[in-house]
Amino acid sequence: AFTAATGITVNFKELPDQDTMFAEAKIALEAGGVDMYEPTVERVGAWNSNGFLQAFDESKLAVDNYLPGMIDGAAAALARDAEGKLFFAPSNWGTESLVVNTADAKLSSPPSLGDLFNAENQAVLRPHSSLAAMGRFLEAQGKLPFPWLDGYSDMDKMTQLWDIALAEAIKAKGNVVQWWSGENEANQGFTANGATIGLCWDSTGYNLRNDGYAYVAPVEGAFAWNQGYVLMKNAANVDQAHEFAKYISTPEGSAGWATAFSANPIGKGGYDVMGPDVAKYYGDFLTPETSAKLWWWPAQSAEFLAKRAEYADKFKAA
């Protein structure tokens, strides 16, 4: 459908997790053959500082097509470099929140990120985001020496905060029945390994919505991500890449791409042309209250990501 709409040939590959994508991009920069990748916006600075990217030509896009907040406001600092050049063209966005077995999950009132670490629950977790969930939960309880966000810009504070979160998470590790890094693993945690709760993408909740599971926002607010295209420095099909990104910003293109991901469209008018199932699911979750509490992943430097990976490995190995 996208090839027909844009008039160009597009070869797709299933997206790996962000760390694997970053590693693959290093190889692709030398080998060639990849024009665009699709990371989340907080990763763009690390990709650019490693010399992976070239800027988009905004005259070949239609930046007015994007919903407010996608590449302006706070997102502008992540999507652009210090000179204002655009290195990120949004494609879809979504959340990471609580997927719960409606019959068996033990939830606080209101539900909380702390429920992920309740020994009465069986959990499916992604190591690094569950550590962030623990950190945000501890912050809400007044148990951290600094705001959790400080750790994303100050590496000394990062190690102090993540040491605390790791120690507390390890205490609760006995309830983890599945680690996930992609959609299939997350689904299996519930369908094959009996998880009653998980911190997963909204697409996981969507896929399981008819099987006794619900997608629930914690009182601390759901994590939120903004995904999009970056243009590789050695891209061979630069004009075609711009044309494809431009199409994805239209109502039809953004709706189709969001539906394929079971996510949210980034183009104005996208919700109006989405399938009713997807539109209802996200409409029910993204109420004015839950939308106001969204916790957007902040910028993460290459140094931060390397250190974060160490903490995730320690959590899994403990």
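For clarity, every value in this text was computed on a predicted model and none was experimentally measured.
Listed here is the closest heavy atom pair of Ala165 and Leu131: CB-O, 3.7 Å.
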Throw together a table of side-chain donor-acceptor distances under 3.5 angstrom for residues 113-120, partners on residues two or more places apart or in other chains.
from	atom 1	to	atom 2	distance (Å)
Asp115	OD1	Ser108	N	3.2
Asp115	OD1	Ser108	OG	2.6
Asp115	OD2	Ser108	N	3.0
Asp115	OD2	Ser112	N	2.9
Asn118	OD1	Glu120	N	2.8

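Of the charged side-chain nitrogens involved, at least one lies within less than 4.0 Å of a carboxylate oxygen, so that Lys171 and Glu168 count as a salt-bridged pair. Between Arg209 and Asp202 there is no salt bridge, since no side-chain nitrogen of the basic residue lies less than 4.0 Å from a carboxylate oxygen of the acidic one. With respect to the salt-bridge test (charged N to carboxylate O, under 4.0 angstrom), the residues Lys307 and Glu310 qualify. Residues Glu96 and Arg126 are paired through a salt bridge, judged by an N-O separation under 4.0 Å between the basic side chain and the carboxylate.
Looking at heavy atoms from C-beta onward, Trp179 lies in side-chain contact with Phe315 at the 4.5 angstrom threshold. Side chains of Ser181 and Thr20 form no contact here, defined as non-hydrogen atoms less than 4.5 Å apart. In this structure the side chain of Val124 reaches within 4.5 angstrom of the side chain of Phe190, judged on heavy atoms. Annotation: side chain of Trp93 is in contact with side chain of Leu294 (closest heavy-atom distance under 4.5 Å). Side-chain atoms of Trp257 and Glu38, non-hydrogen and from C-beta on, do get closer than 4.5 Å to each other. Using a 4.5 Å heavy-atom threshold, the side chains of Leu53 and Asn48 count as touching. Side-chain contact between Ser254 and Ser249 is absent, with no heavy-atom pair separated by less than 4.5 Å. Here the side chains of Asp57 and Val238 are not in contact, with every heavy-atom distance at 4.5 Å or above.
By the neighbour-count criterion of 12 heavy atoms within 6.0 Å, atom CD of Glu303 is sparsely surrounded, having that number or fewer from other residues, nucleotides or ligands. Atom NZ of Lys173 has more than 12 neighbouring heavy atoms from other residues, nucleotides or ligands inside a 6.0 Å radius.
A ring-centre distance under 6.0 Å is not found for Tyr311 and His128. Tyr37 has its ring centre less than 6.0 Å from the ring centre of Trp47. Ring to ring, Tyr206 and Tyr215 are not that close: their centroids are 6.0 angstrom or more apart.
A donor-acceptor contact shorter than 3.5 Å is absent between the side chain of Thr204 and the backbone of Asn187.
Of the N and O atoms on the side chains of Asn264 and Tyr271, at least one donor lies less than 3.5 Å from an acceptor on the other residue. In this structure, a donor-acceptor pair under 3.5 Å is present between the side chains of Glu42 and Thr40.
Ile248 is connected to Val278 through a chain of hydrophobic side-chain contacts under 4.5 Å among Ile, Leu, Val, Met, Phe, Trp and Tyr, so both are in one cluster.
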